[in-house]
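Notes follow once the structure below has been shown.
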Amino acid sequence: MSLTFDFVQPQPEPAADRITLFADVILPLPLPKLYTYRVPFELNDHVVVGGRVIVQFGAKKTLSCIVAAVHENPPKEYQAKYILEFIDDAPVVTQPQLKLFRWIADYYLCTLGEVINAALPSALKLSSESRVQLHPAFEAETSPYPLSEQEQKVVAALSTGEEGKSMTFTEVGELLGIASFHKYIKSLMQKDVVFLFEHLQDKYSPKVVKKVRLAHRFIAEAALEDLFAQLAGRAKQLDVLMRYLQKVPVYQNEHANQRGLEKAYLTSAPHLSPSAVNTLIKNGVLEQFDQIVSRFPLDEDDAEAKIHFTLSEAQQAARQDIMQQFQEKDIVLLHGVTGAGKTEIYIDLIKQALDGGGQVLYLLPEIALTAQIVTRLMRVFGSRLGVYHSKFSDNERVEVWNGVLSGRFQVVIGVRSAVFLPFDSLALVIVDEEHESSYKQYDPAPRYNAREVALMMANFQGAKTLLGSATPAVETYYQTRTGRYGLVSLTKRFGEAGLPEIELVDTRKSREQKTMLNHFTPELMQAMESKLAAKEQVILFQNRRGYSPFINCLDCGWIPKCTNCAVSLSYHKHSHELRCHYCGYHERMYVQCPACGSRNLKTVGFGTEKLEDDLKVMLPQANVQRMDLDTTRAKNSYQQIISDFEKQATNVLVGTQMVTKGLDFANVSLVGIINADSIIHYPDFRAHERAFQMFVQVSGRAGRKGKKGRVIIQTGDPEQVIFDKVIRNDYLEFYEYEILQRREHGYPPFMRIIRLTVKHMDAVVGERAAILLTQELVDRLGREAVLGPEAPYIFRIRNFYLQEITIKLSREHTVLRAAKADILEAMNLVRDQKEFKQVRLAADVDPM
DNA sequence: AGCACGCCGACT
DNA sequence: GTCGGCGTGCTC
């Protein structure tokens, strides 16, 4: 595959009997339509739908893009440019994927380019880098323009070496040793000394290991004996050779020698001399060669280590039930309490699907995709398992992509974006923790929900989908009631572990009685002390990071605010900073009030950091660790905190959402929810659902392996209906209560919501645009379907003023289709107004 | 998304 | 007088 090309486009005169092909391509840009390029005739055989091609887009840009369609219809309005180069002989994006991507773009109101951008690992996209080359007509003696010293340097570098040598911009910068080298390139171009071109590079590089093997002529026994004789006295070389022969049974198996041995195995061995290895290579005893290897190595031996487990009776029954329901329904919800052993059931079903020859996709939220679960699946599925994680490098992602394409990986366990992988014969899709809001991508388009995309993909490919959760999304459970989804419930915890006992503690009462110890009620404090004394562990959940959400001057009332967003700055004690949690703006903590000079600066409210600080004082004997966005930013810190907790090096773990899922530690006997009210009182129709899920999920961390756990929820309002359901762990009752609310107020699952956000640097312009958009929507959809415009609670983020419009639609497909067309039309109408050219509009379908 | 073309302020 | 700011329009 060569990626260099020249700009002289072939212009064959099309003969009458020649077929001229055109390709519609998807550019990796947020453009609403496809662009049509002409296929050079002699490359007609190379066009593949789903393959990458290189085209010139605009005056300067060269891009790689995906062929979406090939046809013979020349565009009428314009002259199509030629495709410059074909990168792939076979599609990297398959037909089923293209179909799915079109559905995503359509459903989530975004462009195909945006979907492609999110879907392809960036290493499958090509990067273009500008290069300079000496102009062929340039001759130093005849050039009419004088060159500066710097310019001469560049010319000298370009004229040494072979004809037509080129340099990248970066290299020119390095040569001149300055950052501002662009002016010299520009000047050289004006003087016709150099010209520019774009060079596209494939960013994916396979992993290569250096290997060695015994030169062929020594394989015969006699030759080898001769060799030993020759090397007599060269002890180091003999050592190396002995080690090689020990590891590679040259006699028994000549192929073993062909495969060779990793060079590093010899050079980095403790008692061998690396230079002796090199000498043997130099003298032709050993041959060195490169081998492309997978980044996901797996010894065949590992397959032997497969674990065998048997399902419990309850699990067995659930599995049977799921299979039964799959007979009639494509989608089944497995509603199982935390710790019921859903994973074993999944594994069993995956095995069965693989035996039938199909592919399996197993989706997990990012935080739940831990090394533990991967190791477990590896043991069962060995090299057939691909792992798709956002922490992986791009090269690793390309390998998973190609592995799915080639059939090497039949099972993939992955996060949200794994739905974009090139499956073509899915038999089973599992969406674990299906209620998780992290399945929904919020910011850059496509604003998709991986659960819904997975369901659609399964539908397209005739696969069955199993949704799993202890606290199913209300929308999902509703579908089991309508009969669209099947339902299987697992209500008992695996292995005797009972459900934890949940108690409410009234913080208002404690405050009145002045018995609060910082932010802890005496009940929680006592419970912690007794659990710690019993050498058991504690998890504390507080849904706010930092030390305090804001600080306040006691003398003049000043509160520091973010300069870019309409929020107060949170105080982070460890870094001595005030930080904005929306845009990342930060400044040093003040010693005195900049408004009045007072030193009476008080922190108001509390976050995880303050809890950690307080606990270290209040429980000096305990080892307290904090787990939130701030302590897990570094690559392995999350794993480190988990493993410390697992080894019981830490006794108390304080954290945000992160502590609510995936952590299964047998020794945790107490979970504390510090401030339940902040979770319940949230201006959103899903607030109660989220609160219920969070409380139940975090409670599930308490008590495993036969120990009964205890959960203490601190609240100022214990009368809240939702607590009653949480305490009895009664999902059904919660559901019945919640579905009534949804029906009454016209929320999902009864109505569908599309949220439009209008952003502008100027609040007034933004508001005017929002009013116009609302009017246009009302004209098309009717008054009752459109709510707003309204400035959200946080009305300015990153210097953009926000306005929100909420559209409620009936769930009927035909209504939805028409409405989406209307919405796009209204948005385009606003965009086309001169006054609103700078306005940014975003649509979020099914926001969470 | 880039990048070129096109109209108004501080400099050789 | 020009260099260059970034506003808006287009890319097959």
Whole angstroms only, please: what is the [atom1]-[atom2] distance between [X] and [N]?
{"X": "A/Lys33", "N": "C/dC12", "atom1": "NZ", "atom2": "C1'", "result": "7 Å"}
{"X": "A/Glu835", "N": "C/dG7", "atom1": "CD", "atom2": "P", "result": "16 Å"}
{"X": "A/Arg840", "N": "B/dA1", "atom1": "CZ", "atom2": "C1'", "result": "12 Å"}
{"X": "A/Phe836", "N": "C/dG7", "atom1": "CZ", "atom2": "C1'", "result": "17 Å"}
{"X": "A/Gln838", "N": "C/dC6", "atom1": "CD", "atom2": "C1'", "result": "10 Å"}
{"X": "A/Phe57", "N": "B/dA4", "atom1": "CZ", "atom2": "P", "result": "14 Å"}
{"X": "A/Leu63", "N": "C/dT11", "atom1": "CG", "atom2": "P", "result": "15 Å"}
{"X": "A/Arg831", "N": "B/dA1", "atom1": "CZ", "atom2": "C1'", "result": "14 Å"}

(message) Would the base of C/dC12 count as contacting A/Tyr78 through its side chain, where contact means a donor and an acceptor less than 3.5 Å apart?
(response) yes

(message) For A/Arg755, is there an ion pair with A/Asp844 - N to carboxylate O distance below 4.0 angstrom?
(response) no

(message) Assess whether a salt bridge exists between A/Glu366 and A/Arg416, defined as any Lys/Arg side-chain N lying under 4.0 Å from an Asp/Glu carboxylate O.
(response) no

Answer yes or no: does a side-chain N or O of [X] lie under 4.0 Å from OP1 or OP2 of [N]?
{"X": "A/Tyr35", "N": "C/dT11", "value": "no"}
{"X": "A/Lys837", "N": "C/dT8", "value": "no"}
{"X": "A/Lys76", "N": "C/dC12", "value": "no"}

(request) Give a yes or no on whether the backbone of A/Leu147 and the side-chain of A/Gln152 come within a donor-acceptor separation of less than 3.5 Å. (result) yes

(request) Look at all strands and tell whether A/Leu31 reaches a base, only sugar-phosphate, or nothing, counting heavy atoms closer than 4.0 Å. (result) base

(message) Looking only at the side chains, is there a donor atom on one of A/Glu399 and A/Asn395 sitting less than 3.5 Å from an acceptor on the other?
(response) no

